[in-house]
Visitor: 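I have a structure here, written as structure tokens, and I will follow up with some questions on it.
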Amino acid sequence: MSHSDSQTGGFKMKHIIRYGLFAAACAVLAACSTAQTDRFIEGVKNFARGISAVDDALKDVNATLYSNCSNIVDVAGAINDIAGQCSKAAPYTSTANAVIDKYCQASQLSTNGGIAASIKVTAASYNAAKATLAQNKQVCSGG
């Protein structure tokens, strides 16, 4: 079996499982009474309203934080300067600065920083932080 065959087989298996779960869910809903189905639908609507509320709250928080980015960057830089380049805390304060810098470069957070934008920035920040931490540890260990 070639690599592409194994990928295709995995792709087919995922769809078979997904369709099987969907069919099972449909069967369960079909067996429900109208009142039970109505309660389920209301529960889904409430869940969606909750997600929307979280998304709106994140937009507000991100817009506020983003509008203060220059102050946040200044404070983070000062903390890093106080810690010193190779103190025990420096690799971590520098890493935090990398995360803050990445956050403050994400202009989408100023206007639409909901759940999706926050996840995207967090993923980018994680990679930047990981690289900065590794680099700082190497520099300070003399390696």
Side-chain angles (χ1 to χ4, degrees), residues 1-83 85-141:
M1 181 185 280
S2 72
H3 179 66
S4 63
D5 290 340
S6 67
Q7 285 181 334
T8 304
F11 180 74
K12 288 179 184 175
M13 183 57 90
K14 286 181 188 174
H15 281 293
I16 290 170
I17 292 170
R18 186 175 294 147
Y19 290 132
L21 290 173
F22 179 73
C26 288
V28 167
L29 284 176
C32 292
S33 69
T34 300
Q36 290 170 320
T37 304
D38 288 346
R39 283 194 301 274
F40 174 76
I41 291 169
E42 280 306 308
V44 170
K45 285 179 182 177
N46 283 337
F47 178 75
R49 280 194 296 268
I51 294 293
S52 180
V54 169
D55 193 54
D56 288 343
L58 275 174
K59 287 176 185 177
D60 291 343
V61 168
N62 280 327
T64 300
L65 289 173
Y66 189 82
S67 69
N68 289 293
C69 263
S70 62
N71 293 334
I72 295 169
V73 168
D74 289 346
V75 169
I79 290 169
N80 201 47
D81 291 343
I82 291 168
Q85 182 179 354
C86 285
S87 69
K88 287 185 179 183
Y92 304 101
T93 58
S94 295
T95 301
N97 284 349
V99 171
I100 291 166
D101 288 343
K102 203 64 156 167
Y103 178 89
C104 289
Q105 292 168 11
S107 61
Q108 71 267 29
L109 295 177
S110 67
T111 57
N112 191 18
I115 294 170
S118 294
I119 290 171
K120 181 180 176 183
V121 171
T122 300
S125 296
Y126 171 79
N127 290 330
K130 195 169 147 182
T132 300
L133 182 59
Q135 180 184 15
N136 289 344
K137 284 184 173 184
Q138 184 179 12
V139 167
C140 291
S141 70

Visitor: Report the distance from atom NZ of K59 to atom OG1 of T64, rounding to the nearest 0.5 Å.
Guide: 14.0 Å
Visitor: Between I51 and I115, what is the shortest heavy-atom contact and its length?
Guide: O-CD1, 3.9 Å
Visitor: Where do G113 and A117 come nearest, in terms of heavy atoms and distance?
Guide: CA-CB, 3.8 Å
Visitor: Please, which pairs that meet salt bridge (charged side-chain N to carboxylate O under 4.0 Å, His left out) have at least one residue in residues 93-121, sequence neighbours excluded?
Guide: none
Visitor: Donor-acceptor pairs are to be reported for all side-chain atoms of residues 121-135 against protein atoms at under 3.5 Å, with residues two or more places apart or in another chain.
Guide:
residue : atom : partner : partner atom : Å
T122    : OG1  : S118    : O            : 2.7
S125    : OG   : V121    : O            : 2.8
T132    : OG1  : A128    : O            : 2.9

Visitor: Test N71 against every option in N68, V75, V73 by the side-chain contact (heavy atoms from CB on, under 4.5 Å) rule and name the one that passes.
Guide: N68
Visitor: Look up atom CD in E42 and atom CZ in R39, then write down how far apart they are to the nearest 0.5 Å.
Guide: 11.0 Å
Visitor: Can you list the residues that meet the side-chain hydrogen bond (donor to acceptor under 3.5 Å, both in side chains) rule with T95, with sequence neighbours excluded?
Guide: none
Visitor: Partners of D38 by salt bridge (Lys or Arg N to Asp or Glu O under 4.0 Å), sequence neighbours excluded?
Guide: none
Visitor: Nearest 0.5 Å, please: how far is CG in D74 from CD1 in I100?
Guide: 11.0 Å
Visitor: Any chance you could measure Y66, atom OH, to Q105, atom CD, to the nearest 0.5 Å?
Guide: 9.0 Å
Visitor: Does N46 have any side-chain hydrogen bond (donor to acceptor under 3.5 Å, both in side chains) partners at least two apart in sequence or in another chain, and if so, which?
Guide: R49
Visitor: For Y103, enumerate each residue passing the side-chain hydrogen bond (donor to acceptor under 3.5 Å, both in side chains) test, keeping only those at least two apart in sequence or located in another chain.
Guide: N62
